[in-house]
Amino acid sequence: MDLKDKLLDSYIAFEEELGPKDSIQQLRTAALKTFEQKGFPSKKEEAWKYTSLNSLILNDYTLFPSSEKAVDLNEIKHVFLYEVDTYKIVFVDGVHSPFLSDTTHDGLDVCLLSAALTKPKYSDLINRYFGAIATKEESMTALNTSYAREGAYIYIPPSIVAEKPIEIIHLATGDQGPVWLQPRNLIVVDTNAQVQIIERHQSLVEHQAVTNSVTEIFAHREALVDYYKIQNDLDTASLIDNTYISQDTNSHVSVHTFSFGGKITRNNLNYFQNGERINSTLKGITLLQEKQHVDHYTLVHHAQPNCESHQDYKGIFSDRSQGVFNGKILVDKIAQKTNAFQQNNNIILDDKAKVNTKPQLEIFADDVRCSHGCTIGQLDEEALFYLRTRGIPKKEAKALMTYAFANNVLESVQISALKKRINKLIAQKLGVNMGFEL
Amino acid sequence: MAYTEEELKKELESKEYEYGFYTDIDSETFPVGLNEDIVRKISEKKKEPQWMTDWRLEAFQAWKEMEEPDWPNVEYEKPDYQAISYYSAPKKKDQYESLDEVDPELLETFNKLGISIEEQKKLAGVAVDIVMDSVSVATTFKDTLAEKGIIFCSISEAIQEYPELVRRYIGSVVPPKDNFFAALNSAVFSDGSFCYIPKGVHCPMELSTYFRINQAGTGQFERTLVVADESSYVSYLEGCTAPSRDENQLHAAVVELIAMDDAEIKYSTVQNWYPGDKEGRGGVFNFVTKRGLCHNRSKISWTQVETGSAVTWKYPSCVLKGDHSIGEFYSIAVTNNFQQADTGTKMIHLGRNTRSTIISKGISAGKSQNSYRGLVQVGPRAQHARNFSQCDSLLMGNDCGAHTFPYIETQNNSAQVEHEATTSKIGEDQIFYCNQRGIDTEKAIALIVNGFSKEVLNKLPMEFAVEAQKLLEISLEGSVG
Amino acid sequence: MLTIENLHAEVDDKGILNGIDLDVKAGEVHAIMGPNGSGKSTLSSVIAGNEDYEVTGGNMLFGGEDISEMSPEERAHKGIFLSFQYPVEIPGVSVTNFIKTAINAKRKAAGQDDMPAGEMLKKIREKSSLLGIDSKFLSRSLNQGFSGGEKKRNEIFQMAMMEPKLAILDETDSGLDIDALKIVADGVNALRSKDNATIVITHYQRLLDYIVPDFVHVLYQGKIVKSGTKELAQELEAKGYDWIKQEVAG
């Protein structure tokens, strides 16, 4: 059966399973209708011009993997940021794993969306936030909304600083054949509260896994959110990540996306600025090999005066890999004194690698400072030669220069253990053992 | 001997000239609507050979299947293509007896632009009735060009006189099915120009001098074909700084340039069609397909100053097919009141060591919307391709919009592509600084806008640059309160 | 030439000038000194007619004419020149083009025709050599990418070209090394005559070693609290501004 039909047909059974307690039933049916009308996005759509989902949607998938396979902690230790103490919300094939998780309700909520969706004490919060900023028109988001059941629920009350980072980890075991996962995260950071979050999706063995994830983040006044996405999956796994962020006055939200693997990765990252003096930061390093494909699609909507946004995406592409960057800055008429900056720099290392980039500015206010720049080029041969005359082997010299190229993004990582980890990952990808840190 | 615009002006003051450019066609107008018969009739009227008729018909068949594009960032009511008459002889405009009868506002603009009285008459449609000399300027030009073997004539004439050349090149750069408007143009093009520069010939004059006078009578489906043979050079200037109060709502022109090995074509445009009134009523829809094909070591350079039209949809492009070929695009687009412009370029790098440069300056005022849309594509064979793009926008007032949509597609690891864009406004501190030096605010804005546009203005032929500069000032008049 | 009486001005409802009296006659050089935030730059902006500042009281007469309602360009046409503390960048407009436009705007206001190109060129050469300005410099975009010294020198060059009746030099010495300072001061001195006047606004006494003032005024909290001759500047240099502050408080 056609995957779209399967997804539509499975809904009745899904609804029955949820039962009458479901608090977002109306949202689901409306979303399903959107998906029915729009279907999977195709390359004909401007937003999907450079990324085709055809290779994914022609397959058949298990939509509701059920059993939880026992996972050996030692085997998956590397997926966690074990060097530091963290809260953990872990899912195995879409199902919560209490054994691997470390959740809390002590002063802050780090728990399961399934609980929040069903328990009455959360109903006010759910009514207020769930689906409030996730675009209703976008079909992949709509698809997720109609099946949203499980994921992370994080609530940081006013003036609380989460004292340890929170890890949201999704593991796919391959135990049930090809899987189609649709996690949903809801994160509310109240006035003057602070949190650091790391999100990761990881297949444990090579098997077809597609994750269509939606995350909504609400940053209230003076809130500080520091979010990291680590995308280093196997070449059989694909990810469609839809993240929506709403910011109030004086808040600061930063998202770093490290895309090092996977078959097809699409990151839809949307910021809506709903107050003044907001700071939004979007950074990313994309380091691809083989036939990997990563598409960053960002939107920063400046809707109020005196706000800032900073975007800096670096891409390094080898073999037959493909990178896409589509960044849009939208400045409303009332958003005077906006400072918006966007940088996208790419290095192509092999002649079969491809880069498509489309940085866009749409500006309706006149007193603004907006700029974007993008470059596509190679490692500087002369610098490479210089390093080699100093005795550094070619591979290491290349790696060194790649580090230097990506360093702007790396240095703003606030969790030092994570920074080390990413350094290591980059070294691994480049096939070097670097005795230095940048 | 190069013939300068100055000399032309002098000559015009003492001599009468005649068009002599368009082939003579009678003033019959076809019924409105478009079907195969109309296409046949257009071709028949122009006494075209069978291949040309077939070519038009094929384009028409394709057009019927196509849809009008809606991806540009412009909004307008789509024309009813069955309510247009596709063939009429050059409109006999109402002739005035003297300049006193002409709209004074129009005359004032002419004066600001420094256009001579004789030219003003011609442009405003005043009958010029004294024939001083039987030798027309046009003929003088034609003789000079003919000596060099340069062919420069209307496309209708070329189809008759040089069918082999036309047949070889027409549609070779912009195929009839390229897009909705190109297909329409291919089916019904009324006239246009053809230019061929033989091998090794450096065209001794700007091909504008001649054209400028003629421009006022150009039809709405214009077709231009310029072929520069090996090692030749031509600078072609299209358009007119004078405002054209054209009645035609829709303009769908096609321009094809072919630069053979080692040839160079410089194509400059000043577009100042009627932009509509201050409330956004009326105005020309300018939907143009312009593209050039570069062979080995050749160069095509597009320069445009776009100040007119209600809606503009235009992307002069270069297909850099030959190794070491060069494409350039320099653009100033000004929008005021309710104008909308979606313009930019495509640089398609196919050959090795190809280079392209894009400099785009957008100025938006009033309630207008100004978009840059560009594509830089580097193909897998295009080793060591280089591109540099810079897109700057200047916003004046808070009711307008500036948009930048650069597409960059690279499939080659030796490519170097750089894109930069900025958006800014005219600073109050800049205005005060000028004021303090005794320069009033209006003049200060003109100065700042000219500075902003300088890199592009510099690319225009000198005498034209001065007029274009004045045109910018006029276009933005009253835009800052 | 310039008579200011009881001048009050404010920005964003905050009083910056609180009753200034100043009388500058032809042929004189006045120095206005004062600590940071005392209102020195505000005074120069208000004389030049910057609309960011609202004049809330007092009179400003230039050549016997009330200028307080005049636009900045009218004041410039009358002969007031302000050398900016922070000269503004105008990309794409060359120094030459800018100064031509300015001179011709002034001539037009006086009912004169544009200055003939030859005369303009001669004047540009003469004034630029006076200030040791390279001809390459003249074709660069106005103030864009200029060093601090180049910007200030460019201001004085414009002053030389425009031949104002009253020149106000706002912190012209800031950002200049000693050699550049000398060149600028020599330029200013060469342009002094019995018909024009100069107001030098500065924080330090250093510049006054080269441009010797006839009068020195100390501005503090938006008022001139002390006036004297050049010796006052030296006294200030020796004792610092605290001395004035104490005197005012006491």
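Proteins come first, then strands; the chains are lettered A, B, ... in the order of their sequence lines, and each starts at number 1. Atom set for the values below is all heavy atoms of this structure, side chains included, hydrogens, waters and symmetry mates excluded.
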> Under a 4.5 Å heavy-atom cutoff, which of C:K108, C:E155, C:E51 has the most pairs with chain B?
Replying inline: C:E155

> Just by modelled atom types, is the C:A76 backbone N or O under 3.5 Å from a matching donor or acceptor in the B:Q436 side chain?
Replying inline: no

> Between C:P87 and chain B, which part of the residue has a heavy atom less than 4.5 Å away: side chain, backbone, both or neither?
Replying inline: both

> Checking B:F452 against chain C: side chain, backbone, both or neither under 4.5 Å from a heavy atom?
Replying inline: backbone

> Which of parallel (below 30°), tilted (30 to 60°) and perpendicular (above 60°) describes B:Y433 and C:F98?
Replying inline: parallel

> For the candidates C:T101, C:I80, C:L142, which exhibits the highest count of non-hydrogen atom pairs separated by less than 4.5 Å from chain B?
Replying inline: C:T101

>> Working to the nearest 0.5 angstrom, can you tell me the gap between C:E73 CD and B:T441 OG1?
In response: 5.0 Å

>> Walk me through whether C:I90 and B:C434 qualify under side-chain contact (heavy atoms from CB on, under 4.5 Å).
In response: CA-CA 10 Å; C:I90 306 183; B:C434 293; 3.6 Å; yes

>> With a 3.5 Å distance limit and no angle check, can you tell me whether B:R437 reaches the backbone of C:F81 through a side-chain donor-acceptor pair?
In response: no

>> Counting only non-hydrogen atoms closer than 4.5 Å, does C:Q158 touch chain B with its backbone (N, CA, C, O), its side chain (CB onward), both, or neither?
In response: side chain

> Is chain B contacted by the side chain of C:N143, its backbone, both, or neither, given a heavy-atom distance below 4.5 Å?
Replying inline: side chain

> For B:F432 and C:A48, which heavy atoms make the closest approach, and how far apart are they?
Replying inline: CZ-CB, 4.0 Å

> Between C:S71, C:P91, C:G49, C:P72, which has the largest tally of heavy atom pairs under 4.5 Å with chain B?
Replying inline: C:P72

